[in-house]
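In this text the structure is predicted, and so the values were computed from the model without any measurement.
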Amino acid sequence: MKIEVGYDNTVQTCEIAGKNLMGIMKANDVVYDLVGTEEVERALADPIESARLSRIVKPGEKVAIISSDITRPIPTWEVLPPVLDELYAAGVAKEDVSLVLALGSHRKHTEDEKKRLAGARAYGEILVIDSLDEEMVSFGKTKAGTPIDINKTVAEADRRILLGNVEYHYFAGYSGGVKAIMPGVSTPDAIACNHSLMVDPLACAGNLETNPVRIDIEEAGARVGADFIVNVVLDEEKRIIRACAGHPVAAHRAACRFLDTLYRIDIPHRADIVIDSQGGSPKDLNLYQTQKALDNSKYAVKTGGVVILVGCCKEGLGNKNFQDWMHEAEQPQDVIDHLKREFKLGGHKASAVAKIQVLADVYLVSDLDPELARDCFFTPFANLQDAYDAALGKMDADAQVLVMPHGGSTVPHVAGE
């Protein structure tokens, strides 16, 4: 059988015999009526534990809208127009509205990228800036010691509206909610403090209420204040099939519950070989982002098995600390031990990758220089077919293969684990 997985804006393919193919992980069937902007409009008209946005804002108020950067799949250009319509209906002036693109610790956008993310209409109507374009304002510290240093436009706004997509996050539980504020529009130091909590075993995909990272995020969000959120869930074709609007926590939780019905996938047993992809652009721009698919493979691969990670990574590793930690290590365990001694952004991703490399061999199909891939303890391949043939040779002719075409979104679950 020929299978294909996303790779940048194209696909990688390979042939897998029927006796070997354990399954192709796809989203569960769910019921939905509307898609895209129409679903966002429905959510705005029926907010969760909140008044309508048009009744919350007032004329003359400064409004900051936060949305994700280019590494995230949320179609801001679809979500933003009905949000703007709600604001204008309340009498808010266009010149009083700003869109702040949450960079976290990522690179700044070009103007063309800002326009593409915001959409032509919004880009022509309101101010569009990157979160790191301005100085930061302090709101003190969380109980865990995380500095709450926030982009000035967001900090000084009368109203804050958060846009985001909800998917599983390997240590924050889920994306979305007030994660748009922390780490979205925060400083690198603040992000590092928050992310250092990931060493706790409770900081894992699918956990919210006892997750120290998420607890810290929501404490910071409450301190800054969010008036309204619009969170969306995307299907495998990146269409909005559910939008949840309203209270910053209650609406987020509703989106998470829907996500569970869609992307928590039961599998009968662990696989010998897992073929794992982020689904292509924009999620596989660099290894820093492609890692998110790799992390979910740990729930599916047998100890001593093979994970074939497929991601273009045309922008390279995406983080200097990631590369430095990998380069100075002699084996993956050294990277894990490094995180125990010292926390650094980028290094935390290297440690997460190393944990999978200790569990299984990781083959990488990418545009990375092969020597750079080897320096990061991957076995590099130019295409998926060659990687699969090598994996089958390492295991055996009857090896069971699980394909995860959207590995960053789907979380496999083996009964009894």
Worksheet entry | Donor-acceptor under 3.5 Å (Asp8 side chain, Cys312 main chain) | no
Item to complete: Answer yes or no: is there a side-chain heavy-atom contact under 4.5 Å between Ile241 and Leu262?
Response: yes
Worksheet item: What about the rings of Tyr174 and Tyr168, do their centers lie closer together than 6.0 Å?
Response: yes
Discussion item. Distance to the ring centre below 6.0 angstrom and angle to the axis at most 45 degrees; does that hold for Lys349 and Tyr288?
Written reply: yes
Discussion item. Please tell me whether Phe343 and His195 form a close aromatic pair, meaning their ring centres lie under 6.0 Å apart.
Written reply: no
Worksheet item: Do side-chain atoms of His406 reach the backbone of Asp235 as a donor and acceptor pair under 3.5 angstrom?
Response: no
Practice prompt. Could you walk me through whether Thr146 and Asn194 pass the side chain to side chain donor-acceptor pair (under 3.5 Å) test, one step at a time?
Written response: CA-CA 6 Å; Thr146 300; Asn194 171 260; 5.0 Å; no
Discussion item. Is the positively charged end of Lys114 above the ring of Tyr123, judged by distance under 6.0 angstrom from the centroid and angle within 45° of the axis?
Written reply: no
Worksheet item: Checking Arg242 against Phe258: charged group under 6.0 Å from the ring centre and within 45 degrees of the axis?
Response: yes
Worksheet item: With no hydrogens and no angle check, is any side-chain donor or acceptor of Arg42 less than 3.5 Å from a backbone partner on Ala243?
Response: yes
Worksheet item: For Val306 and Ala391, which heavy atoms make the closest approach, and how far apart are they?
Response: CG1-CB, 3.8 Å
Fill in: Side-chain donor/acceptor of Asn207 to backbone N/O of Gly173, under 3.5 Å
no
